[in-house]
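To keep things clear, I will list the structure first and then write my remarks on it.
Fair warning: this is a prediction, and the values are worked out from it, not measured in the lab. As a basis for the values below, the full set of heavy atoms in this structure was taken, side chains included, without hydrogen atoms, waters or symmetry mates. Counting starts at 1 for both ligands and their atoms, in listed order.
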Amino acid sequence: MKTFRIELPMWMPHLPGQHYDVRLTAPDGYRAQRSYSVASSPLDEGEIELTIDRLDTGEVSPYFHDVVVEGDLVEVRGPFASYFVWRGEERVLLVGGGSGVVPLMAMLRHRRRTMPDLPMRLVYSVRTAQDLIYADELGDEAEVTFTREPPAGWTGHTGRIDARLLADADLAGGTAFVCGSNGFVEAASGLLVENGFGAERVRTERFGPTG
Ligand SMILES: Cc1cc2nc3c(=O)[nH]c(=O)nc-3n(C[C@H](O)[C@H](O)[C@H](O)COP(=O)(O)OP(=O)(O)OC[C@H]3O[C@@H](n4cnc5c(N)ncnc54)[C@H](O)[C@@H]3O)c2cc1C
């Protein structure tokens, strides 16, 4: 994972959860476009932060990791998205798998800066400690589970997100935001509905084709 801070000549404040489209154009005119969620708070005027996972066989993410350097120009459009946004709703449960934590981090960061007393918790699933992003910023509101290999001495949750982990969060009746791969989103949103979240209060965003 790498985070890129991009200065925007025509900045407008985003809502936490929104994304930008990034477009690459090759010298022969071939174009590739992908979406990336904004990780930063809209209080960061004039700039946005994107956090990009490197997929070895991908077209766009390796370009960012291997080619883009500080000072380069990149083409972006946004912000986009209508319903996967946090507009200050009370009692919020964020459930992220892998890079799906990125838009949830924008929500958490923004809430810390604007409404620190508003109940918001993050349940974050990663495979190994190496996959954990924003580790220094997770704080007390976050609960992490390692699905493959927990770090040495880890006493917290391991394995896939389960009902206990979501019930621990004790925010049933509020709004849930779930983001990650298709399989992750299916499983987590099903669990949330089984555990007292009305289906209409579970908002989802899917990042990729794999489970
Ligand atoms: C609204 C939205 C927001 C997103 N936000 C982020 C973000 O904040 N950070 C981020 O890293 N990504 C994010 N993504 C995913 C991103 O748009 C790209 O799909 C991803 O970076 C892969 O692009 P690529 O060109 O590198 O790979 P591609 O050339 O598109 O694909 C290469 C291979 O990887 C598989 N693949 C594609 N996407 C994924 C995936 N997400 N997970 C696993 N396998 C995949 C493909 O099937 C293919 O086999 C978001 C997607 C959406 C729709």
*Hey, is Val102 touching ligand 1 through its side chain, its backbone, both or neither, going by heavy atoms under 4.0 Å?*
side chain

_So that I can tick it off, tell me whether Arg109 and Glu49 are bridged by a salt bridge, with the cut-off set at under 4.0 angstrom between side-chain N and carboxylate O._
yes

*Check ion pair Glu70-Arg5 (N to O, under 4.0 angstrom)*: no

*For ligand 1, is there an N or O atom under 3.5 Å from any N or O atom of Ile52?*
no

*Is the shortest distance from a heavy atom of Pro62 to ligand 1 less than 4.0 Å?*
yes

*Give the ring-plane orientation class for Tyr36 versus Phe64, where under 30° counts as parallel, over 60° as perpendicular and anything between as tilted.*
tilted

*With sequence neighbours excluded, what pairs up with Tyr20 under the side chain to side chain donor-acceptor pair (under 3.5 Å) test?*
none

_Main-chain N/O of Gln33 paired with Asp21 side-chain donor or acceptor, under 3.5 Å_ = no

*asked:* Using every non-hydrogen atom in the two residues, find where Asp44 and Trp11 come nearest and quote the distance to one decimal.
replied: O-NE1, 3.8 Å

*Are any of the N/O atoms in Ser61 less than 3.5 Å from those in ligand 1?*
yes

*Report the C-alpha separation of Trp154 and Phe146 in whole Å, then their side-chain angles, then the decisive distance to 0.1 Å, and conclude whether the ring pair (Phe, Tyr, Trp, His ring centres under 6.0 Å) test is met.*
CA-CA 9 Å; Trp154 174 251; Phe146 293 95; 4.8 Å; yes

_Minimum non-hydrogen distance to atom 32 (C) of ligand 1, winning option of Ala32, Gly17, Gly58_ = Gly58

_Heavy-atom distances under 4.0 Å decide this one: backbone, side chain, both or neither, for Leu55 against ligand 1?_
side chain

_I'd like to check which ligand 1 atoms, numbered from 1 as shown, lie under 4.0 Å from a non-hydrogen atom of Thr51._
7 (C), 8 (O), 9 (N), 10 (C), 11 (O)

*For ligand 1, is there an N or O atom under 3.5 Å from any N or O atom of Glu205?*
no

*Look at the rings of Phe80 and His19 and say which category their plane angle falls in: under 30° parallel, 30 to 60° tilted, over 60° perpendicular.*
tilted

*Between Leu50 and ligand 1, which part of the residue brings a heavy atom under 4.0 Å of the ligand: side chain, backbone, both or neither?*
neither

*Going by heavy-atom distance to atom 24 (P) of ligand 1, choose the closest among Glu59, Arg206, Arg54.*
Glu59

_Residue His19 vicinity, atoms of ligand 1 by number, heavy atom under 4.0 Å_ = 1 (C)

